[in-house]
Amino acid sequence: MNTTDLNKIGEFGIVDFINSKFKNTRSSSIVGIGDDAAIINSNKENLIISSDMLIEGVHFDLSYTPLKHLGYKSVVVNLSDIYAMNSYPTQILLNIALSSKFSMEAIEEFYDGVKYACDDYKIDLVGGDTTSSSSGLIISGTALGYNSKDNIVTRDNAKPDDIICVSGDLGRAYVGLLVLQREKENFIKNPKIQPSLDNYKKLVEKQLKPNARKDIIDFFYKNNIKPNSMIDISDGLSSELIHLSKSSGLGFKIYEEKLPMSLDVISTMNEFNLKPISAVLDGGEEYELLFSIPIKIFEKLNSLDIDITPIGHFTKQKKNLFILKNNQEIDIKSQGWNHFIQ
Ligand code: ADP
Ligand code: MG
């Protein structure tokens with residue numbers, strides 16, 4: 001395929017292309033791409049703002065990441081943090097640094113994915129920066145949202161005996177990454193063998209094209225439920241649990257038998273000779289929501305049809321305990337999980 005050299009297009013050409021592709025849809029987006037800064041109208045009392053970076057070679061590998069998926073994911077990872085505050089993102093800014101290996105067609109593919117995500121989540125791309133990089137692709141996003149103080153949920157307000165819940169199931173994004181890395185190695189060893197990902201579709205999809213759980217926030221507002229504390233799972237369940245418990249000055253008990261794990265996570269981890277539970281506890285990039293609610297409210301939630309699983313509860317006692325199926329208790333402050341789980 002003939003590709004168009006970015007040197008011919010130039011920075012302004014790239015920005016013009018982006019500008020032509022994105023139209024503001026939110027009434028709060030007063031000025032978007034095109035001026036020195038965006039102008040956002042805010043009637044609510046609090047601005048919620050969060051940034052995330054994705055670096056080639058650290059956060060993604062372009063040999064198995066389609067640029068369209070990467071564009072989508074670059075938006076989603078930023079939105080997820082705003083949803084984790086029980087709030088709705090409305091605008092995003094996306095900065096990109098490009099090396100000379102990228103063509104205009106590559107940029108178009110990337111922004112196709114960005115556009116899909118903006119449409120899916122009904123947000124506006126209102127700005128960014130475009131610059132060159134001496135090595136690979138760097139993406140930095142900043143998402144904005146607005147909410148009243150009373151509706152925002154933070155990490156530091158969990159209460160003793162709160163039920164700890166998680167949306168969806170855990171581990172698929174991590175196992176998907178293992179599969180992609182294995183296929184890449186096989187391909188390098190023998191380029192004639194085409195990667196076979198059919199059996200791992202849902203795993204690979206969660207790694208390459210994650211969802212932010214807007215539907216869970218919709219569900220909370222629709223049913224008048226407000227969690228006491230919440231965080232999104234970007235680094236892994238165990239570290240996010242520790243963030244919540246530390247911020248709230250509590251401990252927790254989590255039960256192995258309760259953890260939501262899909263069958264393909266179990267079978268694929270077994271294929272790799274790894275413990276399935278470690279994908280669930282330490283697998284990153286899930287973008288599921290981890291939150292706590294009082295038991296009374298949990299009872300209400302339990303009768304409603306939503307993929308939320310209770311996995312344990314917070315405790316006054318500042319111990320972070322993982323209860324194995326055989327009732328053995330592991331204190332995860334003093335020892336890591338993996339050391340103990342056979
Ligand atoms: P300045 O030189 O004043 O910083 P730029 O030429 O970098 O302005 O940007 C011009 C406009 O284009 C601004 O509104 C900026 O937000 C937007 N823009 C630049 N790069 C991007 C990008 N990658 N994505 C979206 N908007 C961009
Ligand atoms: Mg300027």
Side-chain angles (χ1 to χ4, degrees), residues 3-42 47-62 65-83 88-146 208-210 212 214 287:
T3 55
T4 315
D5 195 332
L6 279 187
N7 285 328
K8 268 200 217 140
I9 306 278
E11 183 195 328
F12 295 144
I14 298 172
V15 176
D16 282 347
F17 159 73
I18 297 169
N19 195 6
S20 68
K21 199 177 168 73
F22 292 86
K23 294 278 162 273
N24 292 336
T25 58
R26 294 248 170 203
S27 56
S28 58
S29 304
I30 310 294
V31 171
I33 297 170
D35 212 310
D36 290 316
I39 305 176
I40 313 294
N41 177 279
S42 138
L47 164 66
I48 298 144
I49 181 163
S50 175
S51 285
D52 252 307
M53 289 187 85
L54 296 172
I55 312 285
E56 183 176 351
V58 179
H59 301 100
F60 59 88
D61 181 333
L62 284 178
T65 309
L67 279 163
K68 199 169 172 172
H69 288 65
L70 185 64
Y72 193 94
K73 184 168 176 173
S74 301
V75 175
V76 163
V77 301
N78 278 285
L79 304 188
S80 179
D81 283 315
I82 308 291
Y83 292 121
Y88 287 98
T90 46
Q91 283 89 12
I92 191 168
L93 296 113
L94 214 54
N95 307 321
I96 49 169
L98 301 153
S99 61
S100 54
K101 72 178 175 186
F102 291 95
S103 65
M104 191 56 203
E105 286 72 16
I107 311 276
E108 286 173 8
E109 234 187 275
F110 177 81
Y111 276 95
D112 270 348
V114 171
K115 179 84 167 63
Y116 261 100
C118 287
D119 290 347
D120 277 358
Y121 293 91
K122 299 190 171 58
I123 58 149
D124 291 338
L125 178 76
V126 292
D129 197 20
T130 309
T131 183
S132 57
S133 136
S134 53
S135 64
L137 175 59
I138 300 168
I139 305 152
S140 165
T142 301
L144 317 176
Y146 296 86
L208 294 180
K209 189 178 168 289
K214 172 179 183 292
Y287 303 106

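When a ligand or atom number is given, it counts from 1 through the structure's own listing order. Because the structure is predicted, anything quoted here is derived from the model rather than measured.
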Inset, instruction - Could you tell me whether some N/O pair between Gly34 and ligand 1 is separated by less than 3.5 angstrom? - result: yes

Legend entry - For ligand 1, the portion of Ile18 having any non-hydrogen atom under 4.0 Å away: side chain

Inset, instruction - Go through ligand 1 atom by atom and flag the ones less than 4.0 Å from a non-hydrogen atom of Ile96. - result: 23 (N)

Inset, instruction - Would you kindly specify which portion of Tyr111 sits under 4.0 Å from ligand 1, judged on non-hydrogen atoms: side chain, backbone, both or neither? - result: side chain

Legend entry - Residue Thr130 vicinity, atoms of ligand 1 by number, heavy atom under 4.0 Å: 19 (C), 20 (N), 21 (C), 22 (C), 23 (N)

Legend entry - Distance filter under 4.0 Å to Asp36 heavy atoms, resulting ligand 1 atoms: 3 (O)

Legend entry - Quiz item: cation-pi between Lys21 and Tyr111, 6.0 Å / 45°: no

Inset, instruction - Determine the interplanar angle of the Tyr88 and Tyr83 rings, folded into 0 to 90°, and report it as parallel if under 30°, tilted if 30 to 60°, perpendicular if over 60°. - result: perpendicular

Inset, instruction - Check each heavy atom of Asp35 against ligand 1 and say whether those closer than 4.0 Å belong to the side chain, the backbone, both or neither. - result: backbone

Inset, instruction - Over all heavy atoms of both residues, which pair between Leu93 and Val126 is shortest? Give the atoms and the distance, please. - result: CG-CG2, 4.2 Å

Legend entry - Location of contacts on Asp129 toward ligand 1, heavy atoms closer than 4.0 Å: both

Legend entry - Test: Glu56 and Lys101 ion pair at under 4.0 Å: yes

Inset, instruction - For the pair Lys214 and Asp120, find out whether any cationic side-chain nitrogen is under 4.0 Å from an anionic carboxylate oxygen. - result: no

Legend entry - Donor-acceptor under 3.5 Å (Ser80 side chain, Val77 main chain): no

Legend entry - Residue part near ligand 1, for Leu94, under 4.0 Å between non-hydrogen atoms: backbone

Inset, instruction - Evaluate the side chain to side chain contact (heavy atoms under 4.5 Å, CB included) criterion for residues Lys122 and Arg26: first the C-alpha distance (whole Å), next the side-chain angles of each, then the deciding distance (0.1 Å), finally the verdict. - result: CA-CA 8 Å; Lys122 299 190 171 58; Arg26 294 248 170 203; 4.1 Å; yes

Inset, instruction - Run down the list Ala38, Gly128, Ala37 and name the one with the heavy atom closest to atom 16 (O) of ligand 1. - result: Gly128

